[in-house]
Structures are given as structure tokens and as C-alpha cells.
Chemist: 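Submitted below is the structure of interest, expressed as C-alpha cells.
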Amino acid sequence: MLRRWRGNPWAILIALCLGFFMTLLDVTIVNIAIPSMMDDLGASLDEILWVINSYVIMLAVLVITAGRLGDLRGQRAMFMLGVTVFTLASLSCGLAQGPAMLIAFRVLQGIGAAILMPQTSALLITTFPPERRGTAFGIWGAVAGVATVAGPTLGGFLVTAFDWRWIFFINVPVGVLVLAMAWTIIPESPRRERHSLDLPGVALASVALVCLTFGLVEGERFGWGQVWRFVSIPALLATGAALLAVFLMVQARRQDREPLIPFELFRDRNYSVMNAVAGLVSIAMVGTFLPITIYLQSVLGFSALQAGLTLAPMSAVSMVVAPFAGRLSDRVGGKYILMVGLLLFGVGIGGFALVAAADSAWWHFLPPLLVAGLGLGGVFAPMNTVAMRDVPGRVAGAASGVLNTTRQLGQVLGSASVGAALQSLLVGAMHSEAVAAARELPAGVRGPFIAGFEDAAAGGVQVSPAQDSIDIPLPPGVPEEVAGKIAEMAHDVFIQGYVDAMKPTLIVPVVAVVCGAVLCLAVKRRGTAREADAEGAGARTISEAR
């Protein structure tokens, strides 16, 4: 039945979007299952954090190489390979019997995601002519927006209704369906000459990205200091930066010998600008959802499912708006649509910060989240359309790989910077709240009460959805009534301290999207829709003549 859709661009788009959705969903869906996985597997927090971070690191490190492999070996074949690896790894993750086994299979899952992710946008370029790519990327962008915020909602439902293992098992039927669709619907790639992969470039880029991503992901946990003997976070970051510089120099000398990154991509000013914008958008997305998700669960006491449903209106509006934004980008160009989308997203997040309080209800957030969703719907489609519209098909995989790597590094950088900012602000806010609250306590317990928060700060407050208070060590002989009051006050200190810390932390994503909007001013003007149609028709005529 599927064969009658072979070569149909919209059927191909559905297959690509389903595969893309799986990989993005697994970036966020695991966070919700942390407590369940720790209990069931007997895992430590560090081991569970590696379950999350190993996937992110593999995705960031390998996506450039996988994108270039798509150019050299065929995007269809690489897409199907990625889906196969990802699906088998998802099944294995769900069957894992210990934390080490789960981490190993998450690494494999990240490899599969890295292989298939850049092929999705590259195949869109080769499937759709330039004058129709905006609409295609609009739908593709809607999927990206939905996947980003659907993780907590879907994950919360699966963990609540079934078991944490189902956050992985759900990928299996979807992966099988995507593989069947790709096999029957996506046409074979045209036969191409054998090309050699830039192995020195792969090695340099991979090691550099491992150092950078590991340093940024694990920096907060190690206090930005020593990791093991002479290995430290600053040394890893410096090594990564140095190797990245060497990689770029080597690439500059290999431009006439099939480099890993063809520098001709960056002669397109729009592509270069959109890489920077994509990084800023990723910083903004992480900078928004990390503190807000913790706030909804730890401060307001929402369940994982309730927190996801609170954010769902933003996802729904984004999903509706994105295809229209993409279609409009085909007609008038994406520059100003993208600028408006970025600014609206910033306004929505700023509005959320204004109405957030220790006793807010979910409906207080509805107006700002609707505005943010409207903006988000106008971001992904125009951003990808502007970036990829003029990319030649022969380097589409490399272009997609670089763009996706920029996104992943933006997420890692955003997580590190926002986590550090939230940590620092939370420590200061809790201390101020503790000093003020201690005035109502008996003199003998004021010191231990304040010291409890200072000790927590010295050890690094582990900001997570599971934490909603600070343990206060009390001197012996404290009456039970007083101990209960102290515990209640400690809870209130954390709650108010977190709200006071979250509000300025949300300035980070707002600043990121404003900077992105300003960068969009450098985007070159695109021709009218009529000119684009004529250009597309001319390109097809030349292709047919060949």
C-alpha cells in the first residue's frame, strides 16, 4: 500500500518528521523518569545524569560526520541506518537491567540519532524545490517545536500510567513504521561516484567536540575544577578549543579534497547568520524550559503530567502556526517573520517571569505561554528555510550536519550557563530568605537554620524537580513542634528563594532571542515569490536538459 506513495514529497516529509520527532523527544523525555529509574535500577544520581548526558554528547559529536556521510553515501541509506540503530537501541534501553547497561545503550541510541538527524533536512532539500521548501520546513519546524515541549508531557503520562521503560519502548513501533516508510516511499539516491571521507577531519572534530561538550555538560557537577588527576574542566575546554582551531586550519587546506566541512557553505551569508541564530535559539529554549519545569514541579507542586499540560498550549499554538509561517516564508521571505517570532517568544517568556509567584495557578501562565507559542511557531520554519534555501544538494548533508551541531552545542552551552546562573542566584536568594525567616525562630536554632542553607550552598544545591526543600540539621533537644515549624519554614525559604532566582535567570533566554532578532537584520533580502518561481522553473529546465 505504501508503494503507491513512492516519491510523493509529502509522504516523504511525514516519514522524515516522524524520525526527527523521535530523536528530539528523547532529549527531554528521560528527565521526567529520573526518580523512577533511580529506584528501579538502584542507580546513583551521577549514573542517571550520564543516562541523559551520554545521549546529548554523542548527538553533538557525531552529527557533522553523519551529515557529510549522507552526502558521500546517500541520505536515504544513512537515514535508514540511523532509524535502525536508534530503534534497536531504544528496545535495548527499555530492557536494560542496570545503570551501566542503560548508559551503554543510550550511547548507541545517541549514535543512531546523530546518523538520522542531519539526513532529514538534507532530504527535504533534495525532495522539495526552493519555492516550496518554506512550507515543508514549516511542518518540519512544527514537529521540532512540539517535540521540544512534548517530552515532559508524554514522559509524565507514560511513567504515571505504565513504567519508565515505556519512554523507550514507545520508540520501537514508531521506528519500525518509519523504516517501512523510508524503504518504500523515499526513492533510491542516484548512483554517485565513490568518495573518501575526511578521516583526519572526523578525528579532530570528534575529539574537539567531546572535550567541549563534556566540559560544558559536566562542568557544574565538578565545580568547574578537577575531574581526574591532571584532567580538569578548564583543561578540557581549552583542549577542545585548541583542537577545534587545528581542525579549521586542516579543513582550510583540504577544501579541494572533499573536506568534512566545505567552506563554500559559509559564502552564503544567510546560512552563516542562521547558524548563529540557531545557536541562540537553542540557548533560549534550554534557558526557558529548564528553570520553568523545575518551578512548576518543585515550587507549585505539579506532577510531571500537570507540568507538561501547563506547557501544552505553547506547543499547540506553535504546531498550528509553524506551517503557515513556513508557507509565508516561501512568499515573502523569512527574515521578518523570524524576527517577529523571536521577539514574541521573548515577550512571552518575559511575561511568564512577571506573573510567576509562589502561589500561582496554571491559568496565570496561559496568556504569556500563548504569546510564546505564537512566537515559537514563527521561528523554526523561517530559520531553516532561510538557512537551507540556497544550499546545493551535493553538500546538503554537510550543511545540515553543521546546523544541527550548532543547535546541539547551543543546548549544551545554554544548559551550562543557565544552570550556573540559576545555581548562583538560588544560593544568594535562599540565604537572604533564610536570614529574614530566622528572626521568627528561637535564638538557639537561628544559627543552625541559616547554616543549613549555607552548607547546602557550599556543597552545590542540586536543583532538580525532585527537590523542594533543604534539610536543616538541628541541635539535640529541639521540641517536635519547633522542628516541624523549622521544616515548614525551610520549605518556604526554598520556594520563595527559587522564585526570586528564576525571574532574573529567565533574562538569559530573553537576551538570547533579542540578539537573534538583531542578527536577522544581516539576512540578505530574498526575491519575490514570482522571481522564486521563475528561478525554480529555470533550475528544473536546466536539470531536465542535462
Chemist: For the pair Tyr498 (side chain) and Pro291 (backbone), establish whether a donor and an acceptor sit closer than 3.5 Å, ignoring hydrogens and angles.
Modeler: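 Answer holds: yes.
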Chemist: Sub-3.5 Å donor-acceptor pair from the side chain of Gln411 to the main-chain atoms of Val286, do we have one?
Modeler: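 Here the side-chain-to-backbone pair does not exist.
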Chemist: Sequence neighbours excluded, which residues qualify as salt bridge (Lys or Arg N to Asp or Glu O under 4.0 Å) partners of Arg106?
Modeler: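 Once residues adjacent in sequence are excluded, the partners of Arg106 under the salt bridge (Lys or Arg N to Asp or Glu O under 4.0 Å) criterion are Asp26.
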Chemist: Got a donor-acceptor contact below 3.5 angstrom from the Gln119 side chain to the Ala77 backbone?
Modeler: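 Side chain of Gln119 to backbone of Ala77, a donor-acceptor pair under 3.5 Å: no, none is there.
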Chemist: How would you list, by chain and number, every residue that makes a side chain to side chain contact (heavy atoms under 4.5 Å, CB included) with Val513, sequence neighbours excluded?
Modeler: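 Side chain to side chain contact (heavy atoms under 4.5 Å, CB included) check on Val513 returns Ala284, Leu342, Phe345.
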Chemist: Using modelled atom types only, decide if a donor and an acceptor are shared between the side chain of Asn270 and the backbone of Val386 within a distance under 3.5 Å.
Modeler: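 Checked: no pair found.
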Chemist: Which residues pass the salt bridge (Lys or Arg N to Asp or Glu O under 4.0 Å) test with Asp198, sequence neighbours left out?
Modeler: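 Salt bridge (Lys or Arg N to Asp or Glu O under 4.0 Å) check on Asp198 returns Arg254.
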Chemist: Taking all atoms of both residues into account, what is the closest heavy-atom pair of Pro118 and Ser400, and its distance?
Modeler: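 The pair with the smallest heavy-atom distance is O-OG, 2.8 Å.
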Chemist: Can you list everything that forms a side chain to side chain contact (heavy atoms under 4.5 Å, CB included) with Val317? Sequence neighbours excluded, please.
Modeler: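 Result, side chain to side chain contact (heavy atoms under 4.5 Å, CB included) vs Val317: Val321, Leu370, Leu374.
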Chemist: Do you know the tightest heavy-atom contact between Thr65 and Ser206?
Modeler: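 Nearest pair, atom of Thr65 first, then Ser206: OG1-OG, 4.4 Å.
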Chemist: I'd like to check the side chain to side chain donor-acceptor pair (under 3.5 Å) partners of Glu264; sequence neighbours left out, ordered by chain and number.
Modeler: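 Expected list: Arg394.
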Chemist: Do side-chain atoms of Tyr271 reach the backbone of Ala399 as a donor and acceptor pair under 3.5 angstrom?
Modeler: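 Yes; judged by distance alone, with no hydrogens or angles, the pair exists.
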Chemist: Once you round to the nearest 0.5 Å, how far does CD1 of Ile125 lie from OG1 of Thr120?
Modeler: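 Rounded to the nearest 0.5 Å, the CD1-OG1 separation comes to 10.0 Å.
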Chemist: Going by the rule side chain to side chain contact (heavy atoms under 4.5 Å, CB included), which residues pair with Ser92 if we only count those two or more places apart in sequence or in a different chain?
Modeler: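 Ser92 satisfies side chain to side chain contact (heavy atoms under 4.5 Å, CB included) with Phe105 only.
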Chemist: Using every non-hydrogen atom in the two residues, find where Met383 and Val281 come nearest and quote the distance to one decimal.
Modeler: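 Closest approach of Met383 to Val281: SD-CG2, 4.1 Å.
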Chemist: Return yes if some donor-acceptor pair links the side-chain N/O of Ser417 with the main-chain N/O of Gly414 below 3.5 Å, else return no.
Modeler: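 Yes, Ser417 side chain to Gly414 backbone: donor-acceptor pair under 3.5 Å.
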Chemist: According to side chain to side chain donor-acceptor pair (under 3.5 Å), who are the partners of Trp164, at least two apart in sequence or on a separate chain?
Modeler: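 With sequence neighbours excluded, Trp164 shows a side chain to side chain donor-acceptor pair (under 3.5 Å) to Asp40, given in chain and number order.
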Chemist: Please give me the minimum heavy-atom distance between Leu91 and Phe169, naming the atom from each residue.
Modeler: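 For Leu91 and Phe169, the tightest heavy-atom pair comes out as O-CE2, 3.8 Å.
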Chemist: Given Leu403, which of Asn275, Ile64, Val63 fulfils the side chain to side chain contact (heavy atoms under 4.5 Å, CB included) condition?
Modeler: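 The residue from Asn275, Ile64, Val63 that satisfies side chain to side chain contact (heavy atoms under 4.5 Å, CB included) with Leu403 turns out to be Asn275.
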Chemist: For Asn384, what residues pass the side chain to side chain donor-acceptor pair (under 3.5 Å) criterion, not counting sequence neighbours?
Modeler: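 Checked Asn384 against side chain to side chain donor-acceptor pair (under 3.5 Å); matches are Arg407.
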Chemist: Who are the side chain to side chain donor-acceptor pair (under 3.5 Å) partners of Ser90, not counting sequence neighbours?
Modeler: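 Testing Ser90 for side chain to side chain donor-acceptor pair (under 3.5 Å), a comparison that skips the adjacent residues, returns Gln109, Asn171.
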Chemist: When you measure from the side chain of Gln97 to the backbone N and O of Leu95, does any donor-acceptor pair fall under 3.5 Å?
Modeler: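 Confirmed, Gln97 side chain pairs with Leu95 backbone.
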Chemist: Quick check against the 3.5 Å criterion: does Ser415 have a side-chain atom that pairs as donor or acceptor with the backbone of Val412?
Modeler: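 It does not hold such a pair.
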Chemist: Under the salt bridge (charged side-chain N to carboxylate O under 4.0 Å, His left out) rule, what pairs show up with a residue in residues 266-288, not counting sequence neighbours?
Modeler: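 Listed once each, the pairs would be none.
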Chemist: Could you list the residues that satisfy side chain to side chain contact (heavy atoms under 4.5 Å, CB included) with Leu18, not counting sequence neighbours?
Modeler: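 Side chain to side chain contact (heavy atoms under 4.5 Å, CB included) list for Leu18, sorted by chain: Ile14, Leu177, Val178, Met181.
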Chemist: If you take all heavy atoms of Leu248 and Phe263, which pair is closest and at what distance?
Modeler: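 So the two residues come closest at O-CZ, 3.7 Å.
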Chemist: Minimum heavy-atom separation for Gly19 to Leu116, with atom names?
Modeler: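 Taking Gly19 first and Leu116 second, the nearest heavy atoms are O-CD1, 3.6 Å.
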Chemist: Should the heavy atoms of other residues, nucleotides or ligands under 6.0 Å from CG of Leu265 be counted, would the total exceed 12?
Modeler: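 Check passes, neighbour count above 12.
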Chemist: Going by the salt bridge (charged side-chain N to carboxylate O under 4.0 Å, His left out) test, which pairs reach into residues 111-126, not counting sequence neighbours?
Modeler: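 Matches after skipping sequence neighbours: none remain.
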